[in-house]
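What follows is a set of notes on a single structure, which appears directly below.
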Amino acid sequence: MGSPAQVDSLTVPDPNRVAYLTQTTLSLDETKDIIAALKKKFPNIQGPHAQDICYATENRQVAVKEVASEADLLLVVGSENSSNSNRLVEVARNLGTNAHLIDSYKNIKSEWLEGVKTISLTAGASAPECLVEEVVKFLATKDFNNVQELEVMPENVRFGLPPEIVEAIASAPASVSAD
């Protein structure tokens, strides 16, 4: 389902045996509305035990919501084929903020900067930090040099190694070096 409206036309063989999953890079707002429509139509629908939106995607969307209203322009560093980068642009535009997806500073058009006083800059979850830094340096050459870094959602998630790997490491012989 791509929208809450599409849920109305959905038919299933057994309305009491329905489940849903979401793509991990969807907009949180779109997902929330679609899930609400599904739950209304199928009261017994089952969803995942935990939210399945990627934490990095969620954090960036929350941050865009936080800064978009203060900006004249929002730039998102990310690839065109990056779903989460495209969602960041959509989130900003849905809030009425002019937003563009860029691969690098080379994609910034001078007309985007005309009359702009405040630019918010973010990146998709997999965009390299060096590309963001290059955009900041480029914008400084265009007199956007009052940079403020804002952390809206701290990212302190740590992923442990699978038990099989931990076990293999523990049972591996210690390496010995020859002198």
Side-chain angles (χ1 to χ4, degrees), residues 1-104 107-108 112 118-129 131-132 135 149-166:
M1 301 284 93
S3 71
Q6 289 179 327
V7 173
D8 290 337
S9 62
L10 180 63
T11 57
V12 297
D14 184 350
N16 290 311
R17 294 181 44 120
V18 181
Y20 72 87
L21 297 172
T22 64
Q23 180 179 333
T24 61
T25 56
L26 287 174
S27 162
L28 294 170
D29 293 331
E30 291 172 337
T31 304
K32 174 184 58 125
D33 294 342
I34 294 169
I35 292 170
L38 285 167
K39 286 180 176 180
K40 183 177 179 186
K41 182 162 183 161
F42 305 107
N44 295 326
I45 195 167
Q46 297 293 310
H49 294 295
Q51 177 180 296
D52 51 356
I53 301 293
C54 165
Y55 78 94
T57 297
E58 178 180 1
N59 290 353
R60 282 164 176 76
Q61 290 178 16
V62 168
V64 164
K65 287 179 185 178
E66 184 81 19
V67 301
S69 62
E70 305 297 322
D72 301 312
L73 172 66
L74 182 122
L75 297 175
V76 178
V77 178
S79 173
E80 262 186 53
N81 63 359
S82 166
S83 181
N84 74 72
S85 296
N86 280 295
R87 292 304 158 269
L88 295 173
V89 172
E90 284 178 18
V91 168
R93 288 180 178 164
N94 287 342
L95 294 170
T97 302
N98 189 14
H100 297 282
L101 178 64
I102 57 172
D103 277 320
S104 78
N107 300 119
I108 298 172
W112 295 350
T118 304
I119 299 174
S120 287
L121 175 64
T122 191
S126 59
E129 181 67 24
L131 294 178
V132 175
V135 171
E149 190 168 339
L150 177 64
E151 181 181 53
V152 175
M153 298 288 294
E155 290 187 357
N156 53 11
V157 176
R158 301 286 181 257
F159 297 98
L161 291 172
E164 298 84 4
I165 304 271
V166 172

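Listed by chain and residue number, Tyr20, Ile35, Ile45 satisfy the side-chain contact (heavy atoms from CB on, under 4.5 Å) test with Lys39 (two or more places apart in sequence, or in another chain). For Leu95, the side-chain contact (heavy atoms from CB on, under 4.5 Å) partners two or more places apart in sequence, or in a different chain, are Lys65, Ala68, Val91. For Asn98, the side chain to side chain donor-acceptor pair (under 3.5 Å) partners two or more places apart in sequence, or in a different chain, are His100. Looking at residues two or more places apart in sequence or on another chain, you find a side chain to side chain donor-acceptor pair (under 3.5 Å) between Asn44 and Asn16.
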Less than 3.5 Å apart, which donor and acceptor atoms pair up between the side chains of residues 75-82 and the rest of the protein, not counting sequence neighbours?
from, atom 1, to, atom 2, distance (Å)
Ser79, OG, Asn81, N, 3.3
Ser79, OG, Asn81, OD1, 2.5
Ser82, OG, Ser85, N, 3.2
Ser82, OG, Ser85, OG, 2.9

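The shortest heavy-atom contact between Ile119 and Ala71 is C-CB, 4.5 Å. The heavy-atom pair separating Val132 from Ala123 by the smallest distance is CG2-CB, 3.6 Å. Of all the heavy atoms in Leu73 and Trp112, the pair that sits closest is CD2-O, 3.8 Å. The nearest pair of heavy atoms linking Ala92 to Leu74 is CB-CD2, 3.9 Å. For the residue pair Glu66 and Glu70, the shortest heavy atom distance occurs at O-CG, 4.5 Å.
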- prompt: Between Arg93 and Glu90, does a salt bridge (Lys or Arg N to Asp or Glu O under 4.0 Å) hold up when you go through it step by step?
  reply: CA-CA 5 Å; Arg93 288 180 178 164; Glu90 284 178 18; over 6 Å; no
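The list of side chain to side chain donor-acceptor pair (under 3.5 Å) pairs with a residue in residues 1-14, not counting sequence neighbours, is empty. Applying the ring pair (Phe, Tyr, Trp, His ring centres under 6.0 Å) definition to pairs two or more places apart or across chains, none involves residues 66-96.
Counting heavy atoms of neighbouring residues, nucleotides and ligands inside a 6.0 Å radius, atom CZ of Arg17 does not exceed 12 of them.
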